[in-house]
Amino acid sequence: MVAPPDNDVLFARALRHSHRGSPALLGVTVGVREGEILAVVGPRGSGKTTLLRCLSGQLVPDQGEVWFNGGPVNSLAAASRDQLRRERFGWVGSEPQLLPELTAWENAALPLLMRGVRSRAARAKAMEWLERLDIGAAARKHPGAMLQSERQRVAVARALVAVPAVVFADDPAAPLHRADRAQVLRTLASAARSHGMTVVLAGTDPDTAGYADRTLTLRDGCPDTAAHTHDRETPDPAPANA
């Protein structure tokens, strides 16, 4: 096992994974620097979600290695991978997966409450993120009383509230209208930059790349050699009408 590059907070080498015999990843190697926003783009079924789930320790790849901060992830026991996700990673997907019995602020504060942060402090921090996502007015609502776009913003707040080292965002704006998508992605990008968070952002919308420092395009489980990984010295501003 060869250690990853020193400047990569997250690194994967030669990942291969199949679902019920159907290949999802076919030898993907990728590194992500600390504080970087990496966009993983490609059509549905290209392997984006599988890659994010392998990088975050939710899946153990059939072959290959995943490293976080110089330590192996895929060889950890399941309990250790669970602890890593709770303490160092944030996750938001295309479905909010909120707990129906909790209010918006309680759902957003859940990562802090699970770490033993006192309710008042956890609520204050959750409210900061809900306000930043223009959803503070719904703080006392339960998910069943909220619009889908509101529930998705709460899920984004939950992913950011503990300021994790890495945020994995799997097409987080997919269920939103165009204007809402732009706001959520802008907030995610600006929050990451202001707090030094690393983000792996997957999306089918080509506009996703406009919020990232670098883009990896996947097709059929492989990096798309016709669409080379795009790297910018200075990130372009996010498109206003994305």
Contact between [X] and [Y] at the side-chain level, heavy atoms closer than 4.5 Å - yes or no?
X: Met197; Y: Val163; answer: yes
X: Leu38; Y: Val199; answer: no
X: Thr198; Y: Arg33; answer: no
X: Glu95; Y: Gln152; answer: no
X: Ser190; Y: Arg132; answer: yes

Taking every non-hydrogen atom, the tightest pair across [X] and [Y]:
X: Leu55; Y: Ala12; result: CD2-CB, 3.6 Å
X: Gly203; Y: Thr208; result: CA-OG1, 3.9 Å
X: Arg53; Y: Ser56; result: O-OG, 3.3 Å

Next item on the list: Measure from the ring center of Trp105 to the ring center of His142 and say whether it is less than 6.0 Å.
Entry: no
Notebook entry, point to check: Can we call the ring centroids of Phe89 and Phe68 under 6.0 Å apart?
Noted result: yes
Notebook entry, point to check: Going by atom types alone, do His177 and Ser149 pair a side-chain donor with an acceptor below 3.5 Å?
Noted result: no
Notebook entry, point to check: Can you find a side-chain donor-acceptor pair between Glu131 and Trp129 that sits under 3.5 Å?
Noted result: no
Next item on the list: Identify, with sequence neighbours excluded, every residue that meets side-chain hydrogen bond (donor to acceptor under 3.5 Å, both in side chains) alongside Asp134.
Entry: Gln183
Item checked: Charged N-O contact under 4.0 Å between Arg181 and Asp171 -> no
Check: Does the distance from a Lys or Arg side-chain N to an Asp or Glu carboxylate O, for Glu150 and Arg153, drop under 4.0 Å?
Finding: no
Check: With no hydrogens and no angle check, is any side-chain donor or acceptor of Asp62 less than 3.5 Å from a backbone partner on Ser18?
Finding: yes
Can you tell me how far the [atom1] atom of [X] sits from the [atom2] atom of [Y], to the nearest 0.5 Å?
X: Arg81; Y: Leu59; atom1: CZ; atom2: CG; result: 8.5 Å
X: Lys141; Y: Met146; atom1: NZ; atom2: CE; result: 8.0 Å
X: Trp67; Y: Asn74; atom1: CH2; atom2: CG; result: 8.5 Å
X: Glu36; Y: Arg214; atom1: CD; atom2: CZ; result: 4.0 Å
X: Leu216; Y: Lys48; atom1: CG; atom2: NZ; result: 11.0 Å

Notebook entry, point to check: Just wondering, are more than 12 heavy atoms of other shown residues or ligands nearer than 6.0 Å to CG in Asp220?
Noted result: no
Notebook entry, point to check: Under 4.5 Å between side-chain heavy atoms, hopping through other hydrophobics if needed: is there a path connecting Leu26 to Leu15?
Noted result: no
